[in-house]
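Every chain is numbered from 1 and lettered A, B, ... according to where its sequence line falls, protein lines coming before strand lines. Both backbone and side-chain heavy atoms feed into the values below; hydrogens, waters and symmetry mates do not.
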Amino acid sequence: MESPWDELALAFSRTSMFPFFDIAHYLVSVMALRHKPGAAAMAWKNPLASWFTAMLHCFGGGILSCILLAEPPLRFLANHTNILLASSIWYIIFFCPCDLVSQGYSFLPVQLLAAGMKEVTRTWKIVGGVTHANSYYKNGWLVMIAIGWARGAGGTVITNFESLAKGDWKPEGHEWLKMSYPAKVTLLGSVIFTFQHTKHLAISKHNLMFLYTIFIVATKVTMMITQTSTVSFAPFEDTLSRMLFGWQQQFSCEKKNEAKSSSNGTGSLASKPADDSSDKVKKKHAKKTE
Amino acid sequence: MDLLSALSLGELALSFSRVPLFPVFDLSYFIVSILYLKYEPGAVELSRRHPMASWLCAMLHCFGSYILADLLLGEPLIDYFSNNSSVLLASAVWYLIFFCPLDLFYKCVCFLPVKLIFVAMKEVVRVRKIAVGIHHAHHHYHHGWFVMIATGWVKGSGVALMSNFEQLLRGVWKPETNELLHMSFPTKASLYGAILFTLQQTRWLPVSKATLIFIFTMFMVSCKVFLTATHSHSSPFDALEAYICPVLFGAAWGGDHHHDNHGGSHGGSHGGGGPGAQHSAVPAKSKEELSEGSRKKKTKKAD
């Protein structure tokens with residue numbers, strides 16, 4: 001019973017990402033780019049910019065991790081085969097006659113297959129990031145978590161910056177502070193894999209990879225089928241945040257009835273040297289309106 | 001007698017420059033930095049809704065100087081995050097300041113005498129960071145004066161120089177405000193300190209490094225404590241700058257400082273400089289007026 005399972009996990013963890021899973025990843029990433037408003041028009045007007053954006057979407061995580069580790073951010077360009085693969089996928093998605101590819105992609109099973117395969121590459125990226133960071137910092141598990149996360153989910157950060165630089169995105173609403181589902185699940189994964197790497201978690205790596213991949217593929221597919229963007233984490237997160245960060249609110253709710261003025265009093269005690277003073281005024285207004 | 005006192009001063013400076021920073025001084029650095037984060041408008045609501053972003057902001061406030069210096073010198077940006085104990089300490093401080101029941105920790109820290117002690121200790125860390133930064137840059141570039149000054153400056157002023165990026169993390173994007181346009185006292189003092197330490201490092205200043213650290217720390221501590229105690233936003237350099245800058249940079253700079261002239265009087269003569277100075281003069285004035293008003297309000301409340 002034990003050994004076939006083990007063999008399966010081991011064989012799975014040795015699967016090469018290169019042709020098929022990478023293709024799925026590029027396909028999903030570039031399709032996500034294409035569904036943004038104005039992307040198709042931009043590809044006709046300025047193919048080079050569109051190509052570059054597509055590359056950022058495909059290789060963003062690697063770029064972010066290179067920046068964090070002070071490696072050349074353009075290292076991804078050295079990987080010719082992957083660049084050619086991603087470029088050809090970009091080309092057929094944007095310039096295929098009759099839009100055949102995007103019509104094919106709109107067929108749900110195809111989407112599910114591609115998304116599932118993309119999630120598999122995520123596991124591989126997280127593991128790669130954690131081991132890579134461990135080769136720099138033997139004991140820096142925070143670094144390992146950060147690099148694993150950057151590899152797995154850093155693409156969104158990079159593309160956000162790219163659209164910020166283009167000026168078609170304003171961070172005023174707190175949208176980008178809300179961690180998206182992939183970012184959260186990648187963070188979870190990179191914490192788990194870091195613990196596994198530092199031997200705090202008594203499970204072999206291939207088993208963990210197998211289980212984690214199954215988990216993220218299953219959640220992603222259920223999400224796509226049920227068309228929900230908020231996922232199973234919500235209740236769990238709610239209790240956790242109430243446990244960790246809810247202290248003050250509970251107390252303040254009780255307190256608010258008794259002494260509302262005391263909270264204003266603390267504000268006046270606060271002294272603040274050499275800082276932006278107009279902000280202070282604004283803050284006071286905010287406090288008063290509470 | 002003279003010799004003896006000089007000797008003891010030198011020894012005092014030497015032993016002062018060897019005090020380990022880690023637990024106590026670093027702790028006060030984190031406390032004061034995160035306190036400033038809490039003063040920012042919207043920071044508290046942010047910590048309720050997006051704890052992760054708030055934590056990242058707090059880390060930037062605590063370790064921004066290292067990150068920026070690493071960026072400039074081409075070292076891994078998350079180099080400092082391999083110091084697990086420092087990061088954990090800073091995270092604990094962040095948690096206590098934002099989420100302590102009844103806001104107890106925040107109230108204790110904000111109590112003025114306590115805060116003054118922490119501010120003084122923070123300045124000790126700042127001066128030490130400048131010295132270390134310049135030593136580090138000297139190690140990379142032996143004759144790179146400007147590299148040394150820049151590294152020391154960045155190490156001293158910390159997150160202030162990357163405030164735009166830090167605001168972006170909090171969902172505020174104001175590219176038109178910039179620390180370089182309105183340099184605060186710590187930023188300026190770090191710049192001057194970096195120049196002094198660079199001169200010392202290249203042996204143009206005939207004092208030992210320990211003495212310079214000691215003297216500059218005393219200067220910074222006394223200035224910062226005085227400023228914090230009096231809730232003042234002016235800097236001790238203002239008087240000096242008011243004399244020097246008109247000589248060096250002409251009338252435009254003088255207008256910025258005295259607030260007497262109007263923009264129109266110093267427009268055309270300086271091709272590029274004029275409009276910029278004009279632009280910065282107006283917000284500076286209104287801001288000062290606002291701060292004056294809010295300070296009065298605060299004192300009234302405290303009464």
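- Interface remark: B:Tyr80 contributes no atoms to any contact with chain A (heavy atom separation under 4.5 Å).
- Residues B:Asp79 and A:Val143 form no side-chain contact, since every pair of their non-hydrogen atoms from C-beta on lies 4.5 Å or further apart.
- In terms of heavy atoms, A:Ile147 sits closest to B:Ile78 at CD1-CD1, 3.5 Å.
- Using a 4.5 Å cut-off between heavy atoms, A:Ile67 touches chain B through backbone and side chain atoms alike.
- Closest heavy-atom contact between A:Leu142 and B:Phe81: CB-O, 3.7 Å.
- Atom NZ of A:Lys199 sits in a sparse spot, with 12 or fewer heavy atoms from other residues, nucleotides or ligands closer than 6.0 Å.
- Atoms OH and CG, from A:Tyr137 and B:Asn83 in turn, are 9.5 Å apart once rounded to the nearest 0.5 Å.
- For B:Asp70, no part sits under 4.5 Å from any heavy atom of chain A, backbone or side chain.
- Other residues, nucleotides and ligands contribute at most 12 non-hydrogen atoms within 6.0 Å of the CG atom of A:Asn139.
- Within 6.0 Å of atom CZ in A:Phe195, 12 or fewer heavy atoms from other residues, nucleotides or ligands are found, so the atom counts as exposed in its surroundings.
- Chain A forms the most heavy-atom pairs under 4.5 Å with one residue out of B:Gly74, B:Ser82, B:Pro76, and that residue is B:Pro76.
- Residue-environment remark: OH (B:Tyr192) exceeds the threshold of 12 foreign heavy atoms within 6.0 Å.
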